[in-house]
Amino acid sequence: MTEHYLELQDIDQARSMGLRPPEWERLLAVLGRRPNLTELGMFAVMWSEHCSYKHSKTALRQFPTGGPQVLQGPGENAGVVDIGDGQAVVFKIESHNHPSAIEPYQGAATGVGGIVRDVFTMGARPIALLNSLRFGDLSSPKQRYLFAGVVAGIAGYGNCLGIPTVGGEVYFNDSYTNNCLVNAMCVGLIDHHLLTRGRAQGTGSRLILIGARTGRDGIHGATFASEALGEHSVARRPAVQVGDPFMEKLLLEACLELIEAKVILGMQDLGAAGLTSASSEMAARAGSGVELDVALVPRREKNMNPYEIMLSESQERMLLAVEPEQVPLVLATCAKWGLTGTDIGQVTASGMVKVLFNGIVVAEVPARPLASEGPVYHPLATEPPWQALVTALNLAAIPVPEDLTAVLGRLLASPNIASKEWVYRQYDHSVRGDTVTLPGSDAAVLRIKGTKKGLALSVDCNSRYTYLDPYRGGAIAVAEAARNVACSGAKPLAITNCLNFGSPERPEIYYQLTRAIAGMAAACEALGTPVTGGNVSLYNETAGQAVFPTPTVGMVGVLADVERRVTTAFKQEGDIVCLLGSTFEELGGSEYLKVVHNLERGLPPALDLAAERRLQSLLVALAEGALLASAHDCAEGGLAVAVAESAIQGGLGARIDLSPLASMRKDALLFGESQSRVVVSLAPTHFSAVEILAGAMGVPFVCLGRVEGDVVCLGRGQEAIIRADVASLAELWRGAIACHMSP
Amino acid sequence: MYKAKIYVTLKEGVLDPQGQAVRAGLISQGFAAVEEVRIGKFMEVVVATHSATEAQHLVREMCERLLANPVIEDYTFVLVEVV
Amino acid sequence: MYKAKIYVTLKEGVLDPQGQAVRAGLISQGFAAVEEVRIGKFMEVVVATHSATEAQHLVREMCERLLANPVIEDYTFVLVEVV
Amino acid sequence: MRFGVVVFPGSNCDADCHHAVGTVFAQEAEYVWHEEKDLSRFDCIILPGGFSYGDYLRAGALARFSPVMGAVVEEAGRGKLVLGICNGWQILLEAGLLPGAMLKNNHLQFRCETRHVRLENSNTPFTCTGHEGQVLSLPIAHAEGNYYIDQVGLKDLEAQRQIVFRYVDSRGRVSKEANPNGSLGGIAGIINKAGNVLGMMPHPERATEEILGGTDGRLIFSSILQWWGGQ
Ligand SMILES: Nc1ncnc2c1ncn2[C@@H]1O[C@H](COP(=O)(O)OP(=O)(O)O)[C@@H](O)[C@H]1O
Ligand SMILES: [Mg+2]
């Protein structure tokens, strides 16, 4: 074999791997010499946007990341927050947008695999999955193919692992036609003392690679431009990887068994940039070095060279640092689970990543610059010229429809509002026997066996708002996620987030990114929910058309007593229906404007963070006092849709009189999306207690009517505005997506 | 009428978890001689046409568009006339 | 070494939901000429032996014991020598 | 009573079954690794749901060759109770302890939801606290629950009263809409001729506590306990 990977490289080669000239200069300065091919490849991937966050790092600094509950903030494989009793929640969200656009099933499946590894890498038992999905319009067969494939892929992988997929969100909007978004979130549970980090600790510790054999999958297309590398042409190299959930399940069980045995000093999954990132990040975090002989790495394909082995992104692999005496136990545990475990090297004190191939040094580079001292850019942010145009909205020119009952029906059947049952019935959401609020409510709730506690989980983002006003949209994404969690009775604790944007090198996109982050940061600050981690997915654009800026927020909250959880559904005829929060004449960015008037314009609804915080505190207090029968926030479709959804889910009607609310256009009253509002129902005996508490906590509180019969009626005084029986609304809402999917 | 026998296989280099698991299963049952297992699909599609050329053309298009996933799979097929 | 190409198909009379779905998909994509679709498995198993008889024997046994479920499936295979 | 919960590589309802019998019903419960060869210490063996060996090739096809299956066959032969849930049933079919085979759901999707099943035979150790015609509400979660058996086999199952559960609507009627997977005659669970090996697709272990939204699954476990107590 000619040893291309030892030849020193030049700037042209660097450029062909995606490094820019200044980055090449920086690399020369770091090494004090020219890199060979393997070294260059390692830098090219680690200094890519995906691994180094070079265009988003500065903007991310706006996030608040600390708080008494935070045990681990950004910087590790997943964030960790304390939930009391010596327990913690480990969670993170990540995107798999590009692979899913090429091969929806496998792209989504391997996305789930990756995020699950990020969580058990920390030593935690994964207990729940969520996801946030966005596609173009379902009337297109291509979009249906993507949607069906992604959902099946998430199901295929998560169900096999036996981790319940308990929640998520799905949106359809033309901006995602060429760039679908697939974000997966995993939540794990751990006892504090078992927390493990991705650190290569202790000089002389052994590095054990376990799991799948390494193939040529996913070696960065851009970094593989040189045909001189081998006989395998780029064209034949599949861009997409096939996931093996069974292997992942074995890996998960074996790793957790080793965590319990307390023999792991540090552990890291092999995700993007494979062995290169796992080894260099583990060394960089611990301030140590590593030495590996990659000829020892078990391979699936013949004649793989060190370059390929270091850059392979084969799935379902983990790298462990363990004391030498523990190696036999580690290997025995691997064998028990039918896994290959291989001692491929050791931890050193050198600060270097030293790669050997059959004893010959093929790469030797400093770990820290490679892993964490990549280039950082401060891109230009400019408000796009169209921003002011799209926010302008002349409501006076928009007629109020005559038949508002029909409008409610259309909204309930809009795929963005309709029931997502078609999706979640494909997910095993009840395995592990802890899901006590199933998908369909504002937040999923899990009990924690052996305690009284519950966990509430939600992912949210209204990207139309972020498109119309990145700052407000970002803030609302956080507020809504927290509100959903609070509606279940849980106290919001912390967030993870996935920032899906276009190219940050375009000033208008960078503007969206920084503004959205600023808005999110303000909301996190105000609501006391710091950011513990996340992921950035940029370049979601085709031919200059970027997706709506989509900062997905994953929120975790805790209930002191899971028996006190609250759900969306009306429970009891005779219960009083009340609205918490204030209603304004706000139609900008609403689903109503889009569905009925085909407009995506206006300013999104205003958000008063102090009011939001008071509302959420009240919701938690009401739940703790067992004063609520149901709670549901007003989101897309506004008050009318919120009432209808509570009615549909409870199989009970309601008679609602809107006259206590401020007077305004009827469509705004019914379908406006004013923030910080929640429709609650409660037993008449609790009415005064709730009223007093709401008053004391400064939350506007009005009584709107009662749960009764099997018809939903909304009116103003004597005037009937909407009247429809629950069964027919339910049919529209439940059947809409299935209808699109099997025309 | 023609019947197409279509073989869809994973592209070389693409991981075949099924094949791996079956290989391990066969070996553990004493089939030590098993070197490699790859698992794909075998489809039989009957097309109502009298022209072999048209059948050929149709089946190729079906494979390209629906039956095989060009990102990870290859396909081949043979046609036999049926009555 | 021998490579066995094994075709596992659903027994006649056993409903093939996958085949039906693919047929419906093809027709909705405009392949109106499609009469019938049946979907089975295509497996390639490489066995390390120099004897064709032994290969034949081994592969038959693998099919009987694991690769096909006799309650619902039939199988056939062909052997080719590989180097 | 002593329960053994078998753990195959890829099982994922093992902990749920262990929790149901060990914690909710406070019986002795032990995990059994798939390599064990002696199960004589148990009174009831549970093959839990999940994706043993990834369900690659066919659901249950590879698990049936696990060393533990020899012992399962042996204990079943001795009259011990064997309960296969979901993937457990698929394994029992592949192992030939129960007749028939499982096909992919007719709609080709995984399905997780609560469904109604009707108790067809209450004269079994697994259902003796119920009554025939009783409708239970139980969670299902599978992609291959489309039970198939040829006509001769079906006649035999019916003649021997081996069909224990069928999918029905809330009023107890068999219908196409009530059938979540295309299973022949809506069959959701069958028992062997000797009456000690039951396979069922629904997950009774997920319906044993009020907090999980239903307790109809308790019937299976309380029947087992009552039957065993009467032995
Ligand atoms: N949007 C974000 N907000 C906060 N932290 C982030 C964000 N994006 C990435 N991070 C943090 O940066 C680190 C690197 O992320 P990533 O490269 O996605 O990790 P990995 O490759 O292990 O999945 C992680 O600790 C992650 O939490
Ligand atoms: Mg990671």
Side-chain angles (χ1 to χ4, degrees), chain A residues 125 127 148 151-166 243-254 335-339 421-440 445-447 449-450 452 454 562-563 565 567 738 741-742, chain D residues 7-20 22-24 31 33-35 48-57 59 62-63 66 85-87 105 107-115 138-144 180 202-214 217:
Chain A
R125 159 74 64 184
I127 58 166
V151 170
I154 290 173
Y157 207 101
N159 296 352
C160 183
L161 287 180
I163 305 172
T165 300
V166 299
D244 184 353
F246 174 55
M247 174 71 81
E248 177 113 332
K249 169 74 173 163
L250 303 177
L251 199 55
L252 160 66
E253 296 301 339
K336 172 188 164 189
W337 288 98
L339 292 166
E421 188 180 325
W422 186 89
V423 175
Y424 62 73
R425 72 183 180 193
Q426 297 185 54
Y427 301 150
D428 190 338
H429 41 73
S430 56
V431 63
R432 294 186 53 78
D434 291 329
T435 318
V436 297
T437 298
L438 300 179
V445 178
L446 304 175
R447 67 163 166 187
K449 286 194 191 95
K452 287 180 76 180
V562 73
E563 296 288 354
R565 70 194 178 281
T567 64
M741 296 309 288
S742 32
Chain D
V7 183
F8 297 98
S11 292
N12 65 31
C13 301
D14 45 342
D16 302 5
C17 289
H18 191 281
H19 175 77
T23 306
V24 180
Y31 290 114
W33 187 237
H34 71 111
E35 284 172 339
F51 287 73
S52 55
Y53 297 90
D55 273 359
Y56 294 144
L57 192 63
L62 290 158
S66 270
I85 302 168
C86 199
N87 194 227
N105 290 354
H107 45 72
L108 304 177
Q109 290 179 351
F110 191 96
R111 200 50 103 240
C112 177
E113 60 199 4
T114 296
R115 284 286 185 159
L138 293 175
I140 58 162
H142 59 254
E144 294 181 46
H203 287 273
E205 80 280 12
R206 295 189 192 181
T208 56
E209 296 168 88
E210 208 57 74
I211 192 170
L212 297 180

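Convention: sequence-line order gives letters A, B, ...; per-chain numbering from 1.
Taking a 6.0 Å sphere around NZ of A:Lys452, one finds it holds 12 or fewer heavy atoms contributed by other residues, nucleotides or ligands.
For chain D, no part of A:Leu438 is nearby; none of its heavy atoms comes within less than 4.5 Å. Only the side chain of D:Glu209 comes within contact range of chain A, with at least one heavy atom under 4.5 Å from a heavy atom of that chain. Contact annotation for D:Tyr53: both backbone and side-chain heavy atoms come within less than 4.5 Å of a heavy atom of chain A. Proximity to chain A (any heavy atom under 4.5 Å) is shown, for D:Thr23, by neither the backbone nor the side chain. Contact of A:Glu563 with chain D is made through the side chain alone, with heavy-atom distances under 4.5 Å. Interface residue D:Arg111: backbone and side-chain heavy atoms are both found under 4.5 Å from chain A. Both the backbone and the side chain of D:Asn12 come within less than 4.5 Å of a heavy atom in chain A. In this structure, chain D has heavy atoms under 4.5 Å from both the backbone and the side chain of A:Lys336. Only the side chain of A:Val562 comes within contact range of chain D, judged by heavy atoms closer than 4.5 Å. If you measure heavy-atom distances from A:Thr435 to chain D, the contacts under 4.5 Å come from the backbone alone.
Remark: A:Lys249 fails to qualify as a cation-pi partner of A:Trp337 under the 6.0 Å distance and 45° angle criteria applied to the six-membered ring.
Looking at A:Phe246 and D:Phe51, their side chains never come closer than 4.5 Å, going by heavy atoms from C-beta outward.
The pair A:Lys449-A:Asp434 counts as a salt bridge, with a side-chain nitrogen and a carboxylate oxygen less than 4.0 angstrom apart.
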